[in-house]
Amino acid sequence: MKGKAISKYTRNLLIAIAVLTAVLIVSLILRTNTAVCEFICRNFVNAYQSVAGRIFSIIHYNVFEALAAIAILSAIACVVLSIVLLCKKKRTAAGKIMLTFALIAFCVVDIYVFTAGYAYNRKTAPVGAYEDEINEEFALQTYAYIVEDYNSLYDRLDKDGDGAVVCPYTRKELADKVRVAVDTVLTDGYYYKYTPKAKSVTCSEIMAQCHVAGITFLPTAEPGYNKDMPLVEQCSTIAHEFAHAKGVMKEDEANVVGAYALLNSEDDYLKYCAYFNVIGDITHFLPAKDRLEWKKKYPINDGYKAEWDKLERYWSDKNVFGNIGEFFNDLYLKINGQVDGTDSYDETPSTDIIDSGQVDSEGNPIYIEVVVEYTKMDRMIFGYYVENQQKAK
């Protein structure tokens, strides 16, 4: 007895899925080559982003949010409907539904690999990094300059009753200001030409409960951010998401590029936010000997602690979903070649332990930790300091 023939619709679905699978495999192979990734990103993804960015920037609502909701509801509906059809012994109909859903899923994955996947293996983003050798005196001078400039900005800006700086802009105005800074500063051909509009996420509370501050969906070229966070964090988050939209996908590099855009802007508040997010991580610029004494010599303004207190109050009760957001983000990053997962957000300097040549009160040798290799963020800050010193001459 002959089996039931496959319908033309099912056969077409299978062919389409096979083609999309082949495209995905080829894309995954191609993206292992940095030169290929750079070529595709600079030419094809750049062109796609220019078109998609302009189209979706017209829509004020975050389209990714709507698409995510539709995808979740559609997946649930497909599974439920397929189960119902299977219970009714309508296997062919159930199979068509699942194949159709698989086809859509493969389309989305292929588009995402094209728009975002290749960028994970690009060359390092240009941010005016200082490439020469760094000695102790130079590192100390840079630290002193950053602290002095940060404190100066703090003094010029308005403060609330707790001592934290008051953002002079509305949330939308802030996003627009960051966009202007990104457009003005990131002009190298490495970055995608068009800068899309940043969009707040309506379901920001759900986002926060998942421990997510921002998300950029490259197929729609939408940098999205949590609208409920304190504005000092919103500013740096928006800049970070803009970096993704400009072709920088590695998380540590997106941090560097975002900070670079803010630091080189003409806006005091944007620069203040950039300093706030980096100044606590550059204490290793200080000489290892008597580091605490050096911190006292170059004190950071009182607003620094006030800002952190505000952030801690906001995030302290965001634990409804535990670490589920971090879990999936960690998995996503590892799939895209970032072996450190969510730890890749914060690059740490390579250090070594050496004998200081001194002894303690009991005659034991005193060992100190010294930096042997600075991070990308460090190199950008050193370059920023040198550039500003040259401008001052």
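Every value quoted in this text rests on a predicted model; they were computed, and no experiment measured them.
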For Lys305, which residues count as a side chain to side chain donor-acceptor pair (under 3.5 Å) partner, sequence neighbours excluded?
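Only Asp309 meet the side chain to side chain donor-acceptor pair (under 3.5 Å) criterion with Lys305.
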Using the test side chain to side chain donor-acceptor pair (under 3.5 Å), find all partners of Thr100 that sit at least two apart in sequence or belong to another chain.
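Partners of Thr100 under the side chain to side chain donor-acceptor pair (under 3.5 Å) test: Tyr9.
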Establish, yes or no, whether a centroid distance under 6.0 Å links the rings of Tyr384 and Tyr260.
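No, the ring of Tyr384 stays outside the 6.0 Å limit from the ring of Tyr260, centre to centre.
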Can you find a heavy atom in the side chain of [X] that is under 4.5 Å from one in the side chain of [Y]?
| X | Y | result |
| --- | --- | --- |
| Arg291 | Pro287 | no |
| Tyr385 | Ile146 | no |
| Asp252 | Asp346 | no |
| Gln49 | Pro196 | yes |
| Leu262 | Lys271 | no |
| Leu85 | Arg91 | no |
| Phe382 | Phe285 | yes |
| Leu186 | Val257 | yes |

Specify the closest pair of heavy atoms between [X] and [Y], including all atoms of both residues, with the distance to one decimal.
| X | Y | answer |
| --- | --- | --- |
| Lys310 | Asp160 | NZ-OD2, 3.6 Å |
| Ala125 | Glu253 | N-OE1, 3.0 Å |
| Tyr112 | Leu218 | CE1-N, 4.3 Å |
| Ala71 | Phe101 | O-CE1, 4.5 Å |
| Ala164 | Ala306 | N-CB, 3.7 Å |
| Met98 | Ser82 | SD-OG, 3.1 Å |

Indicate whether the side chain of Ser152 and that of Asp155 have a donor and an acceptor atom separated by less than 3.5 Å.
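Asp155 and Ser152 do not have a side-chain donor-acceptor pair below 3.5 Å.
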Is a side-chain donor-acceptor pair under 3.5 Å present for Lys295 with Thr283?
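Judged by distance alone, the side chains do not pair up.
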Check: [Y] main-chain N/O paired with [X] side-chain donor or acceptor under 3.5 Å:
| X | Y | value |
| --- | --- | --- |
| Arg379 | Asp132 | yes |
| Ser204 | Val201 | yes |
| Tyr269 | Val166 | no |
| His244 | Pro223 | no |
| Lys159 | Val165 | no |
| Tyr61 | Ala66 | no |
| Asp110 | Val23 | no |
| Arg31 | Ser27 | no |
| Lys197 | Ile58 | no |
| Asn151 | Pro299 | yes |

Count I, L, V, M, F, W, Y as connected when their side-chain heavy atoms are under 4.5 Å apart, and connections chain through other members. Are [X] and [Y] then in the same cluster?
| X | Y | result |
| --- | --- | --- |
| Leu157 | Leu270 | yes |
| Val147 | Tyr275 | yes |
| Ile111 | Val113 | no |
| Val248 | Tyr120 | no |
| Val63 | Tyr194 | no |

Check the pair Leu174 / Cys235 against side chain to side chain contact (heavy atoms under 4.5 Å, CB included), numbers first and verdict last.
CA-CA 7 Å; Leu174 179 62; Cys235 183; 4.1 Å; yes
[X], [atom1]: over 12 other non-hydrogen atoms inside 6.0 angstrom:
| X | atom1 | value |
| --- | --- | --- |
| Ile206 | CD1 | no |
| Gln389 | CD | yes |
| Glu205 | CD | yes |
| Asp302 | CG | no |
| Glu137 | CD | no |

Evaluate the ring planes of [X] and [Y], with Trp represented by its six-membered ring, and classify them as parallel (under 30°), tilted (30 to 60°) or perpendicular (over 60°).
| X | Y | result |
| --- | --- | --- |
| Tyr304 | Trp308 | perpendicular |
| Phe138 | Tyr130 | tilted |
| Phe276 | Tyr272 | parallel |
| Tyr374 | His284 | tilted |

Of all pairs that satisfy salt bridge (Lys or Arg N to Asp or Glu O under 4.0 Å), the ones with a partner from residues 33-47, not counting sequence neighbours
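Sorted pair list: Glu38-Arg42, Glu38-Arg122.
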Pair listing, salt bridge (Lys or Arg N to Asp or Glu O under 4.0 Å) test, anchored in residues 171-186, at least two apart
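Matches after skipping sequence neighbours: Lys172-Asp176.
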How long is the gap from [atom1] on [X] to [atom2] on [Y], to the nearest 0.5 Å?
| X | Y | atom1 | atom2 | answer |
| --- | --- | --- | --- | --- |
| Leu73 | Ile70 | CG | CD1 | 8.0 Å |
| Asn255 | Met377 | CG | CE | 5.5 Å |
| Leu99 | Asn12 | CG | CG | 11.5 Å |
| Ile97 | Ile83 | CD1 | CD1 | 11.5 Å |
| Ile282 | Tyr143 | CD1 | OH | 6.5 Å |
| Leu292 | Leu286 | CG | CG | 9.5 Å |

Show every side-chain hydrogen bond (donor to acceptor under 3.5 Å, both in side chains) that has at least one partner inside residues 213-227, sequence neighbours left out.
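Only Lys199-Glu222, Thr216-Glu241, Thr220-Glu222, Asn226-Tyr314 qualify under side-chain hydrogen bond (donor to acceptor under 3.5 Å, both in side chains).
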Does Phe44 form a side chain to side chain contact (heavy atoms under 4.5 Å, CB included) with Tyr118? I'd like the steps, not just the answer.
CA-CA 11 Å; Phe44 300 106; Tyr118 287 107; over 6 Å; no
After noting the C-alpha distance and the side-chain angles of Asp267 and Tyr169, does the key distance pass the side-chain hydrogen bond (donor to acceptor under 3.5 Å, both in side chains) rule?
CA-CA 11 Å; Asp267 188 279; Tyr169 312 116; 2.2 Å; yes
With sequence neighbours left out, what residues match Phe64 under ring-ring contact (aromatic ring centres under 6.0 Å, His included)?
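Applying ring-ring contact (aromatic ring centres under 6.0 Å, His included) to Phe64 gives Phe217.
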